[in-house]
Amino acid sequence: MKEKIKVQEIFGKNKEAYVTSSTHAGGTDLELLKEWLELKSDMVALDIATGGGHVTKTISPYVKTVISTDITKEMLENTANYLSDLTNTHYVIADAENLPFIDNYFDIVTCRIAAHHFPDAGKFIDEVQRVLKPSGKFLFIDNIASENKHYDAFINALEKMRDDSHIRSRKIPEWKSLLERNKLKLLKETKRKKTLPYAEWVHRTLDSTDKIEKVSHYLNDAPETIQNYYQFKFDAEGDIQSFAIDEWMALYEK
């Protein structure tokens, strides 16, 4: 599928940027997910679309085994090297919509800041449900779209302009519908604004001056309502320094 080839191309090229990214490496959600998951030393965990491996690194000391997956070989090799001191982690090239694991195997499944790249969200959730043990926990974190159609259209156009492998930031009700269809029960959820440092964010995927300028113009030309909602911050010269997007974190049980 061409969308998945784009993901492999972009993430393979920018593999190191996702290890060092402040957005991915930091965040209060990494500490919170340890608390929510109630990690135990006999648990086997699956981290889907691990990227720079930040969830894997966070949970590995507290569980028996982590299987860390990604569709992009170069990304996964780089992450395995970055996390080479972890002795209970294994790396598997895997498509989130077609996981190479048996049914009812994992105590925990996690997926953080990745699902907006998945073409078929329904297949992804089907697979999560399939590989989880009964009473297993699924911890999901992703960028989400506002239920306001104008804000939704703006953020998805922006993300696609900056990263051609972006599929769509979906709305919370869309995710809840897919999860409930698979008889996954919501235990906890929280929504927050996540601040993105503009220069780091745009250079993570783009190196073309023309494309970067196009993104900058799109942001600067946004209506005031959009700039307010996404909390645009500008410097004294009028250049954008940061903005904030919506993120949803949810814990489900099979």
Side-chain angles (χ1 to χ4, degrees), residues 1 3-34 37 39 43-101 105-119 124 127-128 131 137-143 159 162-167 194 196-197 200-207 247 249:
M1 185 180 286
E3 292 92 345
K4 295 177 183 181
I5 292 172
K6 286 180 184 177
V7 168
Q8 291 169 322
E9 289 174 349
I10 290 173
F11 281 81
K13 182 178 72 171
N14 299 297
K15 56 187 180 292
E16 190 61 36
Y18 282 87
V19 170
T20 58
S21 161
S22 64
T23 304
H24 294 77
T28 56
D29 58 321
L30 287 172
E31 285 301 311
L32 190 59
L33 70 83
K34 288 194 298 185
L37 287 169
L39 301 169
M43 288 179 166
V44 178
L46 170 65
D47 185 23
I48 297 174
T50 194
H54 304 294
V55 172
T56 294
K57 181 181 179 181
T58 298
I59 67 175
S60 175
Y62 306 98
V63 299
K64 180 180 179 181
T65 305
V66 182
I67 306 298
S68 188
T69 72
D70 205 280
I71 198 172
T72 305
K73 180 184 178 184
E74 294 85 355
M75 174 72 81
L76 201 59
E77 287 175 338
N78 190 65
T79 296
N81 184 60
Y82 163 63
L83 300 179
S84 60
D85 59 327
L86 301 183
T87 58
N88 64 337
T89 301
H90 307 281
Y91 302 91
V92 178
I93 300 167
D95 183 342
E97 298 169 9
N98 187 22
L99 296 170
F101 306 111
Y105 186 74
F106 294 99
D107 300 288
I108 291 167
V109 174
T110 58
C111 185
R112 177 179 182 256
I113 323 179
H116 53 278
H117 294 285
F118 301 165
F124 159 56
E127 285 292 88
V128 168
V131 302
K137 302 292 188 353
F138 173 45
L139 194 288
F140 177 76
I141 303 170
D142 201 23
N143 308 334
E159 290 280 17
R162 170 259 188 183
D163 179 357
D164 198 36
S165 70
H166 176 81
I167 298 296
K194 177 173 65 178
L196 301 176
E200 178 187 317
W201 172 83
V202 77
H203 286 285
R204 193 180 306 136
T205 53
L206 293 178
D207 51 20
E247 184 179 78
M249 176 173 176

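- With values rounded to the nearest 0.5 angstrom, Ile48 atom CD1 is found 7.5 Å from Thr110 atom OG1.
- The CD1 atom of Ile141 sits 4.5 Å away from atom CE of Met249, with the distance rounded to the nearest 0.5 Å.
- Shortest non-hydrogen contact noted between Ala115 and Phe124 is CB-CE2, 4.2 Å.
- Taking NE2 from His90 and CG from Leu46, the interatomic distance works out to 12.5 Å, rounded to the nearest 0.5 Å.
- Residues Val55 and Leu139 form no side-chain contact, since every pair of their non-hydrogen atoms from C-beta on lies 4.5 Å or further apart.
- For the side chain to side chain donor-acceptor pair (under 3.5 Å) with Arg112, the lone residue among Asp142, Asp29, Asp47 that qualifies is Asp29.
- Ser84 places a side-chain N or O within 3.5 Å of a backbone atom of Asn81 that can act as its donor or acceptor partner.
- A distance-only check finds a donor-acceptor pair linking the side chain of Thr79 to the backbone of Gly51 [under 3.5 Å].
- At least one side-chain heavy atom of Leu39 sits less than 4.5 Å from a side-chain heavy atom of Lys34.
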**Prompt:** When you look at Leu33 and Leu37, which way does the side-chain contact (heavy atoms from CB on, under 4.5 Å) test go after all the steps?
**Reply:** CA-CA 6 Å; Leu33 70 83; Leu37 287 169; 4.0 Å; yes

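- Heavy atoms only, all atoms of each residue included: Tyr82 and Lys57 are closest at OH-NZ, 3.4 Å.
- Arg204 has its side chain out of reach of Leu196: every pair of non-hydrogen atoms, C-beta onward, lies at least 4.5 Å apart.
- Rounding to the nearest 0.5 angstrom, the gap separating the CD1 atom in Ile108 from the CZ atom in Phe138 is 12.5 Å.
- Of the possible donor and acceptor atoms, one in the side chain of Glu127 sits under 3.5 Å from a partner among the backbone N and O of Leu99.
- Ala94 and Thr69 make their closest contact through CB-CB, 3.9 Å (heavy atoms, listed as atom of the first residue, atom of the second, distance).
- Nearest heavy-atom pair, Leu83 versus Gly53, reported as atom, atom and distance to 0.1 Å: CD1-O, 3.6 Å.
- Across all their heavy atoms, Ala49 and Phe118 have their closest contact at CB-CZ, 3.9 Å.
- Between atom OH of residue Tyr91 and atom CD1 of residue Ile93 there is a gap of 13.0 Å, rounded to the nearest 0.5 Å.
- Contact annotation: the side chain of Val128 never approaches that of Cys111 to less than 4.5 Å [non-hydrogen atoms, C-beta and beyond].
- A heavy-atom distance below 4.5 Å is found between the side chains of Asn143 and Ile113.
- Considering all non-hydrogen atoms of both residues, Leu76 and Ser68 come closest at CD1-O, 3.8 Å.
- Annotation: side chain of Val202 is in contact with side chain of Leu206 (closest heavy-atom distance under 4.5 Å).
- The number of heavy atoms from other shown groups lying within 6.0 Å of CZ (Phe101) is above 12.
- Contact of the Glu159 side chain with the His116 side chain is not registered, since no non-hydrogen atoms from C-beta on lie closer than 4.5 Å.
- Using a 4.5 Å cut-off on side-chain heavy atoms (C-beta onward), Leu86 and Thr56 make contact.
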